[in-house]
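To keep things clear, I will list the structure first and then write my remarks on it.
Because the structure is predicted, anything quoted here is derived from the model rather than measured. Order of the sequence lines fixes the chain letters, A, B, ..., with proteins taken first and strands second; residue numbering starts at 1 for each chain.
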Protein chains: 2
Amino acid sequence: MARQLARTAPLAAKWRKLAEGRCAEKGERLTPARLAVYAEMLARRRAVSAYELIGLLEKRQERKIAPLTVYRHLDFLIRTGLVHRLQSTQTYLPCDHPDQAHESQFLLCSSCGNVDEVESTGLEALLSRIADERGFRPDNAVVEVKGLCGACAVEEQD
Amino acid sequence: MARQLARTAPLAAKWRKLAEGRCAEKGERLTPARLAVYAEMLARRRAVSAYELIGLLEKRQERKIAPLTVYRHLDFLIRTGLVHRLQSTQTYLPCDHPDQAHESQFLLCSSCGNVDEVESTGLEALLSRIADERGFRPDNAVVEVKGLCGACAVEEQD
DNA sequence: GAACGATACGTTATATTGTATCCTTCGTTG
DNA sequence: CAACGAAGGATACAATATAACGTATCGTTC
């Protein structure tokens with residue numbers, strides 16, 4: 001197992017602490033395999049598909065990894081709020097707001113692929129109100145805006 | 001071709017007119033095959049997956065239909081605003097607001113599967129503002145709220 | 001109406017994303 | 001350490017979506 005640990009992407013203490021904290025809160029176990037997947041995602045800091053992630057992990061660990069394995073780890077990471085799934089691109093992104101669990105909204109740049117995670121309580125409130133008016137009891141909301149990020153919008157003007 | 005037309009789901013004049021109007025606006029062609037897919041979707045009036053739709057069409061037309069065919073028709077229907085794609089369930093739903101093109105938000109019931117299409121200009125405005133504050137130039141927004149519809153929420157109380 | 005370009009359609013194969021099943025391993029707890 | 005439940009692994013497969021290529025159809029222009 002020491003070998004496997006040695007082949008995990010470097011993980012800043014900040015993120016490790018965060019993961020430990022979340023697991024403690026939710027009564028989940030933070031295993032090396034789970035941590036390895038999280039570390040790999042943090043090493044990229046961008047949205048990756050599940051299969052991209054498999055490739056990255058296989059390369060780092062020099063062994064085959066079954067899709068199901070990664071999907072289970074992703075489930076875990078999403079359950080604990082450490083990772084978000086972007087529905088409109090079927091990709092996964094480590095949460096960028098370590099402070100506390102929350103609902104997020106995302107701005108996806110269709111040019112450079114960058115994703116900006118934002119948190120608007122105003123938007124959440126409005127969504128709640130809209131649901132409420134229709135007798136709908138909301139559980140969770142997917143809000144993903146596609147467009148051009150600031151940098152790419154500027155470039156395009158030229 | 002008469003055979004194929006005969007095996008198209010019935011399509012109320014209202015929806016046919018709508019499709020014709022949208023095509024005229026956008027310079028698209030409204031072919032029998034496209035209309036058949038639209039009619040099939042309207043006959044269900046609920047969100048269906050692409051492969052469900054293939055099955056329905058194959059049954060009605062008594063012949064094999066390649067996935068790509070249906071995906072192309074779906075592209076067309078989405079382009080013309082006649083159909084929405086629900087990102088969080090990878091399903092497709094005929095638009096329920098025939099008046100004019102628009103951005104929609106969706107309330108998806110996780111119990112009965114019903115989808116309520118709503119249109120909130122307030123929400124759109126807020127999303128624009130959030131994007132604008134970050135220099136993001138929005139193109140289109142995915143807003144999909146999962147939860148329990150009124151009817152299912154009541155049932156669950158028992 | 002013949003020729004042409006653009007759009008739509010069909011077929012085959014394949015890529016991508018995600019699950020089912022079954023068994024093994026690990027960690028805790030008594 | 002025995003027993004139990006959670007986590008991990010292997011194999012197979014299901015579901016969703018696209019690539020590449022050729023053919024047919026439509027609309028225009030001559």
Side-chain angles (χ1 to χ4, degrees), chain A residues 1-5 7-8 19-20 22-24 26-38 40-41 47-58 61-80 82-93, chain B residues 1-5 7-8 19-20 22-24 26-38 40 47-58 61-80 82-83 85-93:
Chain A
M1 209 52 143
R3 273 177 77 87
Q4 194 171 345
L5 281 173
R7 300 196 180 170
T8 293
E20 285 168 355
R22 287 288 169 78
C23 287
K26 308 219 174 196
E28 294 272 4
R29 302 209 307 236
L30 187 60
T31 67
R34 288 172 166 184
L35 210 50
V37 174
Y38 187 41
E40 199 65 44
M41 294 182 77
V48 294
S49 78
Y51 279 72
E52 251 179 290
L53 190 53
I54 290 172
L56 293 169
L57 290 163
E58 287 183 336
Q61 301 183 11
E62 289 170 6
R63 65 190 184 98
K64 272 296 199 190
I65 295 184
L68 186 51
T69 301
V70 166
Y71 278 104
R72 280 195 287 225
H73 294 329
L74 285 171
D75 279 349
F76 159 79
L77 291 166
I78 291 167
R79 266 202 317 274
T80 49
L82 296 170
V83 159
H84 299 291
R85 180 193 151 106
L86 300 175
Q87 305 293 338
S88 54
T89 51
Q90 291 158 219
T91 56
Y92 304 83
L93 181 71
Chain B
M1 210 50 142
R3 272 175 75 88
Q4 193 171 345
L5 282 173
R7 298 193 181 170
T8 293
E20 286 169 355
R22 287 287 170 80
C23 287
K26 308 220 174 196
E28 292 273 3
R29 298 197 323 223
L30 187 61
T31 67
R34 288 173 166 182
L35 210 49
V37 173
Y38 187 41
E40 199 66 44
V48 293
S49 79
Y51 279 72
E52 251 180 290
L53 190 53
I54 290 172
L56 293 169
L57 289 164
E58 286 182 337
Q61 301 183 12
E62 289 171 5
R63 65 193 184 96
K64 272 293 197 191
I65 294 184
L68 188 50
T69 300
V70 166
Y71 277 104
R72 280 196 287 228
H73 294 329
L74 285 170
D75 279 348
F76 159 79
L77 291 166
I78 291 166
R79 264 201 320 273
T80 49
L82 296 170
V83 160
R85 179 192 152 106
L86 301 175
Q87 306 291 340
S88 53
T89 50
Q90 291 161 219
T91 56
Y92 305 83
L93 181 71

List the residues meeting side-chain hydrogen bond (donor to acceptor under 3.5 Å, both in side chains) with [X], not counting sequence neighbours, and say none if there are none.
X	result
B:Arg85	B:Gln87, B:Tyr92
B:Thr80	none
B:Thr69	none

Just N and O in the side chain of A:His73: are any of them under 4.0 Å from OP1 or OP2 of D:dA7?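 The answer is no; no side-chain N or O of A:His73 sits under 4.0 Å from OP1 or OP2.
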At under 4.0 Å between heavy atoms, what does B:Thr69 touch on the DNA or RNA strands: base, sugar-phosphate, or nothing? base
Taking B:Glu58 for its side chain and B:Gly55 for its backbone only, find out whether a donor-acceptor pair lies under 3.5 Å.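 Side chain of B:Glu58 to backbone of B:Gly55, a donor-acceptor pair under 3.5 Å: no, none is there.
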Please round to the nearest 0.5 Å and tell me the distance separating atom OG1 of B:Thr8 and atom CD of B:Glu40.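 Spacing of OG1 (B:Thr8) from CD (B:Glu40) equals 8.5 Å.
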Nearest-Å distance, [atom1] ([X]) to [atom2] ([N])?
X	N	atom1	atom2	answer
B:Leu57	C:dC9	CG	C1'	14 Å
A:Leu30	C:dT28	CG	C1'	17 Å
A:Lys26	D:dA6	NZ	C1'	18 Å
A:Lys64	D:dG8	NZ	C1'	18 Å
A:Gln87	C:dT17	CD	C1'	13 Å
B:Leu53	D:dA15	CG	P	16 Å
B:Gln61	C:dC9	CD	P	12 Å
A:Arg34	C:dC26	CZ	P	15 Å

Starting at the 5' end of nucleotides 16-29 of chain D, put B wherever the base has a protein heavy atom under 4.0 Å, S where only the sugar-phosphate does, and a dash everywhere else. BBBBB-----S---
Atom pairs and distances, side-chain donor-acceptor, residues 72-79 of chain A, under 3.5 Å, sequence neighbours left out:
residue	atom	partner	partner atom	Å
A:Arg79	NE	A:Glu28	OE2	2.7
A:Arg79	NH2	A:Glu28	OE1	3.2
A:Arg79	NH2	A:Glu28	OE2	3.3

Nearest heavy-atom approach of A:Leu30 to A:Cys23 is CB-SG, 3.8 Å
On DNA chain D, compare the nucleotides closest to A:Ile65 and A:Phe76; which residue's is nearer the 5' end?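 On the 5' side of the pair lies A:Phe76.
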